[in-house]
There are 2 protein chains.
Amino acid sequence: MIYSTELIKGTLKTIVLKMLSDNKKMYGYEITQHVKEVTKDKILISEGALYPTLHALESEGLLKTETEYIGKRVRKYYTLSPTGKSKAKEKMNELTDFINTLTFLLDIKHA
Amino acid sequence: MIYSTELIKGTLKTIVLKMLSDNKKMYGYEITQHVKEVTKDKILISEGALYPTLHALESEGLLKTETEYIGKRVRKYYTLSPTGKSKAKEKMNELTDFINTLTFLLDIKHA
DNA sequence: TGGGTATACATCTGATTCTTATGTATCTTC
DNA sequence: GAAGATACATAAGAATCAGATGTATACCCA
């Protein structure tokens, strides 16, 4: 099952914040791979979507970065700021509530 | 709880198809009101979003219309075409699967 | 040693989708 | 007769993402 792309829209920020919430410290590529693995290739985050989102969250003050060098290769680690932590909880509550509402509206049976 | 608007994006077509699937015959305004009621004002479909979507689904051959007059006022009823019926099932399966995947990824507890 | 694949960052164009605003008109209720 | 509800519709602009493209390093293996 490949999800039509418009479905994933709107959930990316929440996914990113939740990943950082659970794992403390991650870099961009790691997030895409982690999501890909956990969802068994069902949710594939494109880089063209991820990086602008990370930059946006950073400029909103929700994320902080530290650059690390692995050999000569740059790696940018992201962590949640205090504001980011509360925003992550807020966004998760919202998404959870939304999913419950949708589930009820559409009479979806739980897996 | 008011959902940030981007969350609802991508689900509108599926919601419309499901509503018609359950209720056989509905007109636009009725869909907005039904969704509003069932979700207790949590999902509010704007007319600027709904009507273009209905027109698009119709031009894709998924919906058929019959116009009815209530006094002098026009009312456009929509029903699913055979193609629309199978598309509705398909879209519902996709959304259900997506919700299950998201629920697992984000470790959401069922309501 | 060269080629393919993976890692890792980034930006840009265009497509899609929705919000908000606007418009028209009728009906109901007070 | 005015407000609010019913009922359709379109249009401009914002937001977000897919897909393409670009750069560069690292690893594997034939």
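Residue numbering restarts at 1 for every chain, and letters A, B, ... go by the order of the sequence lines.
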Next on the checklist: Side chains of Arg75(A) and Thr67(A), heavy atoms from C-beta outward: is any pair under 4.5 Å?
Outcome noted: no
Checklist entry - Whole-Å distance between dT16(D) P and Ile8(B) CD1? => result 14 Å
Item to check | Of Glu30(B) and Ser46(A), the one whose closest DNA chain D nucleotide lies more 5' | outcome: Glu30(B)
Checklist outcome for this item: Between Leu20(B) and Tyr78(B) the two heavy atoms that sit nearest each other are CD2-O, 3.3 Å
Item to check | Separation of dA24(D) C1' from Arg75(A) CZ (nearest whole Å) | outcome: 15 Å
Checklist entry - Which whole-number value in Å describes the distance from Gln33(A) CD to dA8(C) P? => result 9 Å
Item to check | Interatomic distance where CD1 belongs to Ile43(B) and C1' belongs to dT19(C) [whole Å] | outcome: 16 Å
Item to check | Nearest atoms (heavy-atom pairs only) where Leu7(B) meets Gly10(A) | outcome: CD1-O, 3.5 Å
Checklist entry - Rounded to whole angstrom units, what separation is found between the CZ atom of Phe98(B) and the P atom of dC17(D)? => result 11 Å
Next on the checklist: For a 4.5 angstrom cut-off between non-hydrogen side-chain atoms, does Lys87(B) reach Leu17(B)?
Outcome noted: yes
Next on the checklist: Heavy atoms from C-beta onward define the side chain here; which of dA8(C), dA26(D), dC18(C) lies closest to that of Lys72(A)?
Outcome noted: dA26(D)
Next on the checklist: Quick check for you: among dA6(C), dA18(D), dT6(D), whose closest atom lies nearest to any side-chain atom of Tyr29(B)?
Outcome noted: dT6(D)
Checklist entry - Any salt bridge between Lys42(B) and Asp97(A), counting N to O under 4.0 Å? => result yes
For nucleotides 9-15 of chain D, tabulate all protein N/O to nucleotide N/O atom pairs closer than 3.5 Å, reporting atom names and distance.
| residue | atom | partner | partner atom | Å |
| --- | --- | --- | --- | --- |
| dA9(D) | OP1 | His55(B) | NE2 | 3.4 |
| dA9(D) | OP1 | Lys76(B) | NZ | 2.8 |
| dA9(D) | OP2 | His55(B) | NE2 | 3.1 |
| dT10(D) | OP2 | His55(B) | ND1 | 3.3 |

Checklist entry - Expressed in angstrom and rounded to an integer, what is the separation of Leu44(A) atom CG from dG19(D) atom C1'? => result 13 Å
Checklist outcome for this item: Taken in chain and number order and not counting sequence neighbours, the residues that satisfy side-chain hydrogen bond (donor to acceptor under 3.5 Å, both in side chains) with Lys13(B) are Glu60(B)
Next on the checklist: Side-chain N or O of Tyr27(B) versus OP1/OP2 of dC8(D): is the shortest distance under 4.0 Å?
Outcome noted: no
Next on the checklist: Once you apply a heavy-atom cut-off of 4.0 Å, does Arg73(B) come out as touching a base, just sugar-phosphate, or nothing?
Outcome noted: base
Checklist outcome for this item: Rounded to whole Å, the CD1-C1' distance (Ile45(A) to dC9(C)) equals 16 Å
